[in-house]
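See structure below.
Keep in mind that this is a model prediction, so the values were computed, not measured. The figures here come from the full heavy-atom set of this structure, side chains too, leaving out hydrogens, waters and symmetry mates.
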Amino acid sequence: MTTAPLVGKQLDSYQLANARLNIYEGAVRSSKTVSSLIRWLRYVRTGPAGPLAMIGRTERTLKRNIIDPLIGMLGPRRCRLVEGAGELYIYGRLIYLAGANNELAKAKIQGLTLAGAYVDEVTTIPESMWRMLGTRLSVPGAKLFGTCNPESPNHWLYTDLQRASVWLDGAGRLHRMAGDDRLNLARFSFRLADNPTLDADYLRALELEYTGLWRRRYILGEWVVAEGSVYDMWDPERHVVPAGRIPHIRRWLASAVDYGTSNPFAALLLGLADDGRLYLVDEWGWDSAKERRQLTDAEYSRRYRAWLTQVPRPEELAGTAVQAVGVTPERHYVDPSAASFKVQLHHDGVTSLSDAVNDVVDGIRIVASQLASGRLLVSDRCKGWIDEAPGYVWDPKAQERGEDAPVKKRDHYLDAGRYGLASTEYLWMREPWKEVTGAAA
């Protein structure tokens with residue numbers, strides 16, 4: 001793997017990153033990560049002696065986002081990961097690895113004395129971990145380097161960024177601020193234009209995929225509040241298609257379940273069609289309150305399995321005869337908290353059963369980007385999903401806490417759809433497709 005020479009803001013941030021805390025923030029694909037990594041490599045070679053640490057939301061994301069690119073840049077001899085040990089060696093120097101996805105994570109670094117640290121996606125780790133990490137950087141001359149995309153301006157990190165003593169802003173202007181309230185922190189704000197290697201087609205694809213909140217944060221690099229409609233790009237005229245006009249489904253990617261007892265139970269079927277688009281083809285649900293009857297896990301399993309044998313394929317609805325009855329999804333993704341229901345499904349012979357990916361905000365982003373680009377369409381048989389989408393809004397109380405979260409109300413079919421999209425992203429993301437222009441129907 002070769003790396004182009006640093007230019008513009010990339011080079012400026014490399015030269016200016018001499019504070020105790022150095023944060024690279026801004027748009028996706030804006031070169032902030034590679035700029036920060038090159039600066040981190042210099043620090044690993046020349047920084048003070050002592051233990052180092054690299055931290056991410058999980059060790060898996062740290063490996064994917066940071067360690068694999070480092071191995072690509074340096075080669076496996078100069079950058080060696082010891083699988084299962086939580087250790088990385090760069091230029092022969094030991095670096096401890098840690099995931100930080102909950103409040104208990106701070107215990108992983110308690111007691112350490114660190115000479116330096118690198119943090120991937122700072123906004124995704126708990127504040128308690130961040131504050132603990134600051135106390136561990138006690139070797140004289142210790143420095144931290146971190147990256148993040150913008151979040152809510154109520155996020156705890158944004159409060160720190162506002163107190164930076166050095167700020168290279170989005171336009172490339174350098175600000176040096178003095179005062180007793182200023183932190184020994186350098187902030188580097190990146191825009192897409194700061195990465196000269198991006199081609200026009202890729203930039204156009206990003207423009208299609210990100211709208212509203214996601215465009216402002218991930219394309220423009222702005223710290224803005226999540227407010228109003230979650231799927232503000234949702235347009236029934238554009239996104240709803242009669243089931244009989246869906247092209248042939250060449251892969252039934254998943255059936256995804258949002259399990260409910262007192263709350264509604266919702267299941268959605270996701271397919272990849274010959275046109276490369278994703279379709280929510282059909283749904284089934286049970287609302288105990290409306291039906292005035294609570295089903296057992298065994299009853300849910302029986303009705304769920306029966307539904308899959310009765311789902312009409314688009315060819316059938318269009319009048320073309322097919323031999324197969326119902327559909328067999330490649331995997332069944334179930335709400336991770338529904339342990340008893342998964343046991344029941346397994347007992348009833350359902351195979352290819354997995355916990356659904358349940359990162360709510362990231363899952364919403366995936367659904368929103370596919371709706372915005374027009375790649376995700378919804379069958380008119382999915383009436384629950386269609387009914388819930390317009391009223392799905394961000395929670396203002398969560399924003400006051402610096403968190404992004406939707407209001408948990410009438411979202412069961414939406415959750416099931418999110419499970420399906422997010423859990424199968426690795427299967428469909430590289431599939432070619434053509435943009436939708438105008439109404440889906």
- prompt: Are any non-hydrogen side-chain atoms of M54 and E59 less than 4.5 angstrom apart?
  reply: no

- prompt: Taking side chain as C-beta onward, heavy atoms only, is V230 less than 4.5 Å from L414?
  reply: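 A side-chain contact is absent here, since even the closest heavy-atom pair is not under 4.5 Å.
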
message: I'd like to know whether W286 forms a ring pair (Phe, Tyr, Trp, His ring centres under 6.0 Å) with F265, so could you lay out the CA-CA distance, the side-chain angles of the two residues, the decisive distance to 0.1 Å, and finally the verdict.
response: CA-CA 5 Å; W286 182 268; F265 178 108; 9.5 Å; no

Measure up the [X] and [Y] rings against each other and bin them: parallel (under 30°), tilted (30 to 60°), perpendicular (over 60°).
X    : Y    : answer
Y231 : Y392 : tilted
W130 : W156 : tilted
Y24  : F188 : tilted
Y118 : W40  : tilted

- request: Look only at the side chain of E299 and the backbone of T296, and say whether a donor-acceptor pair between them is shorter than 3.5 Å.
  value: yes

task: Verify the neighbour count for atom NE2 of H347: are there more than 12 heavy atoms of other residues, nucleotides or ligands below 6.0 Å?
output: no

message: Assess, by modelled atom type and distance only, whether the side chains of S255 and Y304 contain a donor and an acceptor separated by less than 3.5 Å.
response: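 Per modelled atom types, S255 and Y304 side chains form a pair under 3.5 Å.
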
field: Any side-chain donor near an acceptor of the partner, S354 and R331, under 3.5 Å
entry: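 There is such a pair between these side chains.
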
statement: Rounding to 0.5 Å, atoms NZ (K32) and OG (S13) come to a distance of 12.0 Å

